[in-house]
Amino acid sequence: MEADTRESHEILLTRLQVAARCGLSTSSIYRLMREGLFPEPIRIGRRAVGWHAEEIGEWPATRPRATGDRPAS
């Protein structure tokens, strides 16, 4: 089965799949993209884009960890 042997970088995710995996709204995804903080999609049709699953899977590691510490006053 070719689909089972595909690498994750060959798998494309829809916007809804990306939002579900990352826990982000559509507007947050596009805002982070404008700020250069989220992977850019690739065009897969006239009105469709997709994100590489591997890039989306790696994205959380680029985000700062929430420590729960409060800034010093």
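The residues of the chain are indexed from 1 along the displayed sequence.
- A 4.5 Å side-chain heavy-atom check between Trp59 and Leu24 finds at least one atom pair inside the cut-off.
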CA sep, side-chain torsions, deciding dist, call: Glu35, Leu32, side-chain contact (heavy atoms from CB on, under 4.5 Å): CA-CA 5 Å; Glu35 294 171 358; Leu32 289 169; 4.0 Å; yes
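- Note that CD of Glu58 is 11.5 Å distant from NE2 of His52, once rounded to the nearest 0.5 Å.
- To the nearest 0.5 angstrom, Ile44 atom CD1 is 8.5 Å from Thr14 atom OG1.
- Of all non-hydrogen atoms in Tyr30 and Arg15, the two that sit nearest each other are CE1-CD, 4.1 Å.
- The distance from the CH2 atom of Trp51 to the CD atom of Gln17 is 10.5 Å, given to the nearest 0.5 Å.
- For the atom pair Ser28 OG and Leu37 CG, the distance stands at 12.0 Å (nearest 0.5 Å).
- Leu13 approaches Ala53 most closely through the heavy-atom pair CD1-CA, 3.8 Å.
- Note that the CD atom of Glu55 and the CD1 atom of Ile11 stand 13.0 Å from one another [nearest 0.5 Å].
- Note that SG of Cys22 and CZ of Arg63 are 10.0 Å apart. Values are rounded to the nearest 0.5 Å.
- Arg43 CZ: more than 12 foreign heavy atoms inside a 6.0 Å radius.
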